[in-house]
There are 2 protein chains.
Amino acid sequence: MAMRRAAQQAIQALGSSVSQSRRLHATPGSKKIVGVFYKAGEYSEKNPNFVGCVERGLGIGDWLESQGHQYIVTDDKEGPHCELEKHIPDMHVLITTPFHPAYVTAERIKKAKNLQLLLTAGIGSDHIDLKAAADAGLTVAEVTGSNVVSVAEDELMRILILVRNFVPGHQQVIRGEWDVAAISYRSYDLEGKTVGTIGAGRIGKLLLQRLKPFNCNLLYHDRLKMDAELEQQIGAKFEEDLDAMLPKCDVIVINMPLTEKTKGLFNKERIAKCKKGVLIVNNARGAIMDTQAVADACASGHIAGYSGDVWNPQPAPKDHPWRYMPNQAMTPHISGTTIDGQLRYAAGTKDMLDRYFKGEDFPPQNYIVKEGKLASQYQ
Amino acid sequence: MAMRRAAQQAIQALGSSVSQSRRLHATPGSKKIVGVFYKAGEYSEKNPNFVGCVERGLGIGDWLESQGHQYIVTDDKEGPHCELEKHIPDMHVLITTPFHPAYVTAERIKKAKNLQLLLTAGIGSDHIDLKAAADAGLTVAEVTGSNVVSVAEDELMRILILVRNFVPGHQQVIRGEWDVAAISYRSYDLEGKTVGTIGAGRIGKLLLQRLKPFNCNLLYHDRLKMDAELEQQIGAKFEEDLDAMLPKCDVIVINMPLTEKTKGLFNKERIAKCKKGVLIVNNARGAIMDTQAVADACASGHIAGYSGDVWNPQPAPKDHPWRYMPNQAMTPHISGTTIDGQLRYAAGTKDMLDRYFKGEDFPPQNYIVKEGKLASQYQ
């Protein structure tokens, strides 16, 4: 702990000294802004509100250009010759998303001499080397809250998909089959089951609220206990000790950020502490799980179902073991990029750019790194 | 209306006269009870609570035999030489389920000279010719409430699956692909959308209660308006005119029984009254929809997603058009046959058999046909 604190102080000291040379807010004149989004191709024309793709670039291109700024959008983000690399030396702002993450490494940050601001259009900045960003005096911010409802709804969908054994049922339909028993022998009601969320921040709380009418036994583990009134209203019981909560849960939902502390948290040993036949939903980050340990536990049946939209790395390669493990209900990273979510995080990104140009502060909850200091949940 | 009333009176008159000869309750001595369930094969051994299959026969075999009754269980229910046909002439009680329905036609009822009681292990008796059963003085009953929670939970799952465009996302994973845009261009939050249930009986109400924290605009159409307090508590607005409700809904959920009135209710004309891009969930009965009209509207995009577990007929043949239509998230008929649901409808069936042997009445809500008279919702 003492070492961690010392490291933080060193980072802060470094951060503030460097931030003087880089300056936190925009210098007068034109800025070069680079946005990395996923490509939509033919789909970009199918929905006028589909702003989160490279073809629409959050719908802020005309606005940026009308203000005299340069706006580069690309999906080409990997390798030494990619489009992103070309712009690293002179860009001032980089906008990224968790859905098609541009990995902002210490090496890239070192090359980015003009860089001042890293914005996540969405939530989560684990694709950014936050220590390196802090050391370089950069500001890192996300659109906090922009898609928390989207993710919480998606988690409840995945819980039900696993509890009901939906996927094998749907596959029967496609294959021309009809075998109710092959589905129903492991299909349950959610009612009466014990559901535990690991993390009860914004998303975790929204999930618990939506679970309340299902008459489950709701548990949550978090750094902080909710105040008694909120706990009562949400109807969930605090579990201070994660490892004591795990064996109680029929369903476990991961709702914490990826940090050095949570990386690989669900390894073989921790999975073994879960109830045999546990169902796990993880829309947080893939790297919180030990990839092979999850695949092995699905194969053995210790995990009876695993669903989520986050992988390590992303995009998931064709040979990622989670594509092939039994009883998975995985998707690509989509839960936070609904059309409604896109409109919200596009608006939030535009708002932060506007504040940046004007030299104003962002909404405080949006900061991941501010003036060389990491936000508390990332420490 | 006058004709309908006259017909009912005639049926009632017929029913009471015939019921004297058949007798409503058990005659002393051994009864022959036939149960038709789906076959579980290898799956029957995988879960000790999997009682709803032919191999376990609701787990009531030992109890029936210990009381001196004969209990035949089979899944062989079709055609003139099936196992069921052999027992029709002398069986006293037939237990069926909606998941693997034994169609009880007027012809079969005519042959069943000893038949007194038709029990549905589950909910719904539309696989039975209720008029013929009433004419013959039979009693028809279901385990009302046994799986309403199961079905309501499943409906909410299907709403989310359609709103989120889950199925194409999962198919990408299986096929080794990663194309977020192909999913997200038509993926939405449920929050803020208008969801209408057609029918707000037991299942519809449970669904509305579970939808409440999602902050949707909730509507319901039913024969009866809820009392003001319940309506307030559930948070849904009554729509007296179905055709006026349809164009308001982003999501429509079918929650009414199949009757002569509701058969084919969703034909081409009625589907055209729905909003373009509507999502439809139907766990009620397949025959409420015009099969081809649904397939055509999915192909044209007027229906943007259709999910349910009920088909016409069941099992759905390999060439059923709903297997091949775009944007479907169908399964075989599973929503009401969760393990929890099975345990409840097995207990409810046993309870009714026990009352039948003792000459006691059933719980009043269980009756579909009692002494030649159809329950009000079937009239």
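Only this structure's heavy atoms are used, side chains among them; waters, hydrogens and symmetry mates stay out. Just so we're on the same page: letters track the sequence lines, and every chain starts at 1.
Heavy-atom distances place both the backbone and the side chain of I339(A) under 4.5 Å from chain B. Within the 4.5 angstrom heavy-atom criterion, atoms from both the backbone and the side chain of Y185(B) approach chain A. Neither the backbone nor the side chain of V163(B) comes within less than 4.5 Å of any heavy atom of chain A. Only the side chain of Y38(B) has a heavy atom closer than 4.5 Å to any heavy atom of chain A. The contact between F50(A) and chain B is made entirely by side chain atoms (from C-beta outward), counting heavy-atom distances below 4.5 Å. Residue R56(B): no heavy atom, backbone or side chain, is found under 4.5 Å from chain A. Contacts between Q328(B) and chain A at a heavy-atom distance below 4.5 Å involve backbone atoms as well as side-chain atoms. Only the side chain of N215(B) comes within less than 4.5 Å of a heavy atom in chain A; its backbone stays farther off. Residue contact with chain A, scored on non-hydrogen atoms closer than 4.5 Å, involves the backbone of K39(B) exclusively.
Of the listed residues D154(B), N165(B), I161(B), the one with more heavy-atom pairs under 4.5 angstrom with chain A than any other is I161(B). Highest contact tally toward chain B, considering only L160(A), L206(A), I174(A), is held by L160(A) [criterion: heavy-atom pairs under 4.5 Å]. When each of A152(B), C53(B), A182(B), A40(B) is checked for heavy-atom pairs under 4.5 Å with chain A, A182(B) comes out on top. For the set D179(A), L156(A), T337(A), the count of heavy-atom pairs under 4.5 angstrom toward chain B peaks at T337(A). In terms of heavy-atom pairs under 4.5 Å with chain A, the best-connected choice from V180(B), N147(B), I183(B), L211(B) is V180(B). Heavy-atom pairs under 4.5 Å with chain A peak, among E42(B), H320(B), Q171(B), Q314(B), at Q314(B). Your options are S187(A), P332(A), A316(A), G341(A), and the one with the most heavy-atom pairs under 4.5 Å with chain B is P332(A). Of the residues considered (F99(B), W311(B), F37(B)), W311(B) shows the highest number of contacts with chain A, using heavy-atom pairs under 4.5 Å.
Here the side chains of Q342(B) and S184(A) are in contact, with some heavy-atom distance below 4.5 Å. Between L190(A) and R210(B), the closest side-chain pair of non-hydrogen atoms is not below 4.5 Å. Between F166(A) and V167(B), some side-chain heavy-atom pair lies under the 4.5 Å cut-off. Side-chain contact between W178(A) and R323(B) is present, with heavy atoms from C-beta onward closer than 4.5 Å.
A donor-acceptor distance shorter than 3.5 angstrom exists from the side chain of H170(A) to the backbone of M330(B), with no hydrogens or angles considered. Of the possible polar contacts, none joining the R186(B) side chain to the N47(A) backbone as a donor-acceptor pair under 3.5 Å is found. E153(B) places a side-chain N or O within 3.5 Å of a backbone atom of E191(A) that can act as its donor or acceptor partner. Not one N or O on the side chain of D189(B) forms a donor-acceptor pair closer than 3.5 Å with the backbone of D340(A).
We find that R164(A) and D309(B) are not joined by a salt bridge, their nearest charged nitrogen and carboxylate oxygen being 4.0 Å or further apart.
Atom CE of M157(A) sits about 13.0 Å away from atom CZ of R158(B), to the nearest 0.5 Å.
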